[in-house]
Peer 1: 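Supplied in structure tokens, the structure appears directly below.
Scope of the values below: all heavy atoms of this structure, side chains included, with no hydrogens, waters or symmetry mates. Quick note on labels: first sequence line is chain A, next is B, and so on, each numbered from 1.
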Number of protein chains: 2
Amino acid sequence: MKNNKDIDALVKFSKALGHPIRIAILKHLATQTTCCTGDLVGVLPLAQSTVSQHLKELKKAGFIQGEVIPPKIKYCIHQENWNMAKALFQHFFDGCFVTNRSIIDDH
Amino acid sequence: MKNNKDIDALVKFSKALGHPIRIAILKHLATQTTCCTGDLVGVLPLAQSTVSQHLKELKKAGFIQGEVIPPKIKYCIHQENWNMAKALFQHFFDGCFVTNRSIIDDH
DNA sequence: ATGTCTTATCGTAAATTTACGATAGGTCTT
DNA sequence: AAGACCTATCGTAAATTTACGATAAGACAT
């Protein structure tokens, strides 16, 4: 946790994880070999537009990616970013007790 | 990540981490042997009431605890819950991928 | 008791998030 | 070209979050 970019990333990831539906989506995606919006709509107690909105948030955070397979869109975990998020949280919880300088900007 | 209680806890922790000021507070608390509200107010670009509000959120999430040492209140990381959060995130990022079928079964 | 110091809470406005139905867009099939 | 299918986006209302100043609450000192 050395710079502001890491903090921003941590905040970004945390925000995305801060809703039970999005956790559910990620867990579902992680256990499916293939999964499109419609599948999630069928499982979640939400309107299609709302599910799409949550998918958009997860995509914006970098957790997932979509692949167009007409007429559907297959979603899956963005493995690289997933690992990055995992490392960020890990370092935060571990390394929060090692170095720190300025509270706002620890260059 | 077996039940809803874990998911709720994960969401609760994620929400608390979903704001840069709160990350800054946690990082600051983690490196101070002692730290009260006033110290944080002096360092953060926010009003006292706002800092107090963020501290309340962090306390609600379980990340921190306050000890009254008149006339101040000393805050510190709630170690037990901190470790619990760490474990939760770890299991979430790890355990979401107990199986990797992509090698055996494409799409 | 009064005043001081520190922090929490109240009241509020502005911004953001969440949810929905309706609609638009893109691709394939006929 | 028309229709069917799937998903994203738009417009929106309700709920939540964030920030502030003002005020209250608690403990000590005078």
Peer 1: Are the side chains of B:I7 and A:K27 in contact, using a 4.5 Å heavy-atom criterion?
Peer 2: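 Yes, their side chains come closer than 4.5 Å.
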Peer 1: Is any side-chain heavy atom of A:C76 less than 4.5 Å from a side-chain heavy atom of A:Q65?
Peer 2: yes
Peer 1: Got a sec? Which of residues 42-52 of chain A come in under 4.0 Å of DNA chain C, heavy atoms?
Peer 2: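 Within this stretch, A:L46, A:A47, A:S49, A:T50 sit under 4.0 Å of the strand.
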Peer 1: For B:K86, which residues count as a side chain to side chain donor-acceptor pair (under 3.5 Å) partner, sequence neighbours excluded?
Peer 2: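 Scan of B:K86 (side chain to side chain donor-acceptor pair (under 3.5 Å), adjacent residues dropped) gives A:D94.
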Peer 1: Who passes salt bridge (Lys or Arg N to Asp or Glu O under 4.0 Å) against B:K59, sequence neighbours left out?
Peer 2: none
Peer 1: Can you name the side-chain contact (heavy atoms from CB on, under 4.5 Å) partners of B:Q53, sequence neighbours left out?
Peer 2: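 Partners of B:Q53 by the side-chain contact (heavy atoms from CB on, under 4.5 Å) criterion come out as none, since no residue qualifies.
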Peer 1: Taking any heavy-atom pair under 4.0 Å as a contact, classify B:K74: base, sugar-phosphate, or nothing.
Peer 2: nothing
Peer 1: Suppose the criterion is salt bridge (charged side-chain N to carboxylate O under 4.0 Å, His left out): which pairs have a residue in residues 38-57 of chain A, not counting sequence neighbours?
Peer 2: A:E57-A:K60
Peer 1: Within the structure shown, what part of the strands sits under 4.0 Å from B:Q53 by heavy-atom distance: base, sugar-phosphate, or nothing?
Peer 2: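 Since a base atom lies under 4.0 Å of B:Q53, the category is base.
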Peer 1: Go nucleotide by nucleotide along DNA chain C from the 5' end; which of B:G38 and A:K15 gets its closest nucleotide reached first?
Peer 2: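 Of the two residues, B:G38 wins.
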Peer 1: Taking the inter-plane angle between the rings of A:W82 and B:F93 on a 0 to 90° scale, is it parallel (under 30°), tilted (30 to 60°) or perpendicular (over 60°)?
Peer 2: perpendicular
Peer 1: Kindly state which residues belonging to residues 59-71 of chain A come within less than 4.0 angstrom of DNA chain D, counting heavy atoms of the residue only, listed by number.
Peer 2: A:P71
Peer 1: Mind checking side-chain contact (heavy atoms from CB on, under 4.5 Å) for B:V51 and listing every partner two or more places apart, or none if nothing turns up?
Peer 2: B:T37, B:L40, B:V41, B:L44, B:L46, B:L55
Peer 1: Just how far, in rounded Å, is P of C:dT6 from NZ of B:K72?
Peer 2: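 These atoms are roughly 6 Å apart.
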Peer 1: What closest approach, in Å, do B:A85 and B:F63 show between heavy atoms, and which atom pair accounts for it?
Peer 2: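 B:A85 and B:F63 have their closest heavy atoms at CB-CE2, 3.8 Å.
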Peer 1: Walking along DNA chain D from 5' to 3', note the first and the last nucleotide with an atom under 4.0 Å from a heavy atom of chain A, and give both.
Peer 2: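 Nucleotide range in contact with chain A: D:dC6 to D:dT9.
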Peer 1: Is there side-chain contact between B:H28 and B:C35, with heavy atoms separated by less than 4.5 Å?
Peer 2: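 Yes, close enough: below the 4.5 Å cut-off.
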Peer 1: For the helix from C:dA1-D:dT30 to C:dT30-D:dA1, measure the angle between the helix axis at one end and the axis at the other, each built from five pairs, rounding to 10°.
Peer 2: 10°
Peer 1: List, one per line, each side-chain donor-acceptor pair under 3.5 Å for residues 9-25 of chain B, sequence neighbours excluded.
Peer 2:
{"from": "B:S14", "atom 1": "OG", "to": "B:L10", "atom 2": "O", "distance (Å)": "2.8"}
{"from": "B:H19", "atom 1": "ND1", "to": "B:I21", "atom 2": "N", "distance (Å)": "3.1"}
{"from": "B:R22", "atom 1": "NE", "to": "B:A16", "atom 2": "O", "distance (Å)": "2.8"}
{"from": "B:R22", "atom 1": "NH1", "to": "B:H54", "atom 2": "ND1", "distance (Å)": "3.0"}
{"from": "B:R22", "atom 1": "NH2", "to": "B:K15", "atom 2": "O", "distance (Å)": "3.3"}

Peer 1: Who pairs with B:S49 by side-chain contact (heavy atoms from CB on, under 4.5 Å), at least two apart in sequence or on another chain?
Peer 2: B:A47
Peer 1: With sequence neighbours excluded, tell me which residues meet ring-ring contact (aromatic ring centres under 6.0 Å, His included) with B:H78.
Peer 2: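 Residues passing ring-ring contact (aromatic ring centres under 6.0 Å, His included) with B:H78: none at all.
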